[in-house]
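Along the sequence shown, residues are numbered consecutively beginning with 1.
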Amino acid sequence: MSASITEKNVIDRWERLRVRHAHKHPPVTNVNEALAQSMTFGERASDAFAATMGSWPFIIAQSILLVFWVILNVTAWILHWDPYPFILLNLALSLEAAYAAPIIMMSQNRQADKDRLAAEEDYRINTKAEEELKDVMHHLEQQDELMLDILRRLEDQHQVVLGRLGVGNLANTPA
C-alpha cells in the first residue's frame, strides 16, 4: 500500500514539474500587408509614380522622346518651336525634375518607415524565437531530470531484487 502511495506522489511531482508550453507573445504580422491597408490614395500614387520613373521603360521612352525632340528642331522639317540650345526642352525637364524629386522622396520616406517597421518585427520575432528556444531547453532539462530520477528508481529496485535473490550488491564486489 505504501508503494502505491509513493508512486502516486512521484507521478504528482512529475505532473507539477512538467513544462506546459504557453504562447505569451502576439502572432507574427506581415508588415507589408499592414502598411498596404493603411496607405492613402496619395501615398499609393507617389509609390506608383516613383516605381514608374525608376524603371527602364520610362528611361527608354524619355530618351526616345528627347532624341525625337532634338532631331525635329535641328533638321527644321517642321517649324522650329525650340531652336538650339533647346531652352523649352530644358524648362520641361527642369519642371519634370522639380515635381519628380519630392514625390520620389515621399515614396522613399515611406519605404524607410516600412524598413523600420520590418526591423522592429524582425527583432520581435527573434525575441520570440529566443523565448521559445529557452522553453524547449527548459523542457529538455526537466526531461533529463525525470529520466535520471527514473534511472535511480530502477537502480534501487534492481538492488532490492538482487538483495531478495541473495546476490547482494554486485557493484561493490571486487572483480
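I59 and F68 fall into different hydrophobic clusters, defined by Ile, Leu, Val, Met, Phe, Trp and Tyr side-chain heavy atoms under 4.5 Å apart, directly or through other members. Linking Ile, Leu, Val, Met, Phe, Trp and Tyr whenever their side-chain heavy atoms come within less than 4.5 Å leaves L65 and L91 in two separate clusters. Placement of L140 and I150 in two distinct hydrophobic clusters is found when ILVMFWY residues are connected by side-chain heavy-atom separations under 4.5 Å, directly or transitively. Linking Ile, Leu, Val, Met, Phe, Trp and Tyr whenever their side-chain heavy atoms come within less than 4.5 Å leaves I87 and W69 in two separate clusters. Hydrophobic clustering of Ile, Leu, Val, Met, Phe, Trp and Tyr side chains at less than 4.5 Å, counting indirect connections, unites V74 with L66.
Atom NZ of K134 is separated from atom CD of E131 by 7.5 Å, given to the nearest 0.5 angstrom. Atom CG of D144 sits about 12.0 Å away from atom CG of L151, to the nearest 0.5 Å. Between the CD atom of E130 and the CG atom of D135 there is a distance of 11.0 Å, given to the nearest 0.5 Å. Taking CZ of R110 as the start and OG1 of T40 as the end, the distance is 7.0 Å to the nearest 0.5 Å.
For F41, there are no ring-ring contact (aromatic ring centres under 6.0 Å, His included) partners at least two apart in sequence or on another chain. The ring-ring contact (aromatic ring centres under 6.0 Å, His included) test applied to F86 returns Y84, not counting sequence neighbours. Applying the salt bridge (charged side-chain N to carboxylate O under 4.0 Å, His left out) rule to E33 yields no partners; only residues at least two apart in sequence or on another chain are considered. Under the salt bridge (charged side-chain N to carboxylate O under 4.0 Å, His left out) criterion, E141 pairs with no residue, sequence neighbours left out. For R44, there are no side chain to side chain donor-acceptor pair (under 3.5 Å) partners, not counting sequence neighbours. Looking at residues two or more places apart in sequence or on another chain, you find a side chain to side chain contact (heavy atoms under 4.5 Å, CB included) between I64 and I60. Qualifying side chain to side chain donor-acceptor pair (under 3.5 Å) partners for N90, counting only residues two or more places apart in sequence or in other chains: none.
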Without placing hydrogens or testing angles, list every side-chain donor-acceptor pair under 3.5 Å for residues 112-119, not counting sequence neighbours.
unit_1, atom_1, unit_2, atom_2, d
D115, OD1, Q111, NE2, 3.0
R116, NH1, E120, OE2, 3.1

Show me the donor-acceptor pairs within less than 3.5 Å that the side chains of residues 95-107 make with the rest of the protein, sequence neighbours left out.
unit_1, atom_1, unit_2, atom_2, d
E96, OE1, Q62, NE2, 2.5
E96, OE2, Q62, NE2, 3.3
S107, OG, D47, OD1, 2.8

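Between N73 and D82, the shortest heavy-atom distance links the atoms OD1-N, 3.0 Å.
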Problem set entry | From CA spacing to verdict: salt bridge (Lys or Arg N to Asp or Glu O under 4.0 Å), R124, E121 | CA-CA 5 Å; R124 195 173 62 76; E121 184 69 11; 2.6 Å; yes

For this session: Assess whether side-chain contact (heavy atoms from CB on, under 4.5 Å) is satisfied between V136 and E132, documenting all intermediate values.
Result: CA-CA 6 Å; V136 167; E132 296 280 337; 5.5 Å; no

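Among residue pairs with one or both ends in residues 155-167, none qualify as salt bridge (charged side-chain N to carboxylate O under 4.0 Å, His left out); sequence neighbours excluded. Residue pairs that meet the side chain to side chain donor-acceptor pair (under 3.5 Å) test with at least one member in residues 51-60, sequence neighbours left out, do not exist here. Pairs passing the salt bridge (charged side-chain N to carboxylate O under 4.0 Å, His left out) check and including a residue from residues 48-76, sequence neighbours excluded, do not occur.
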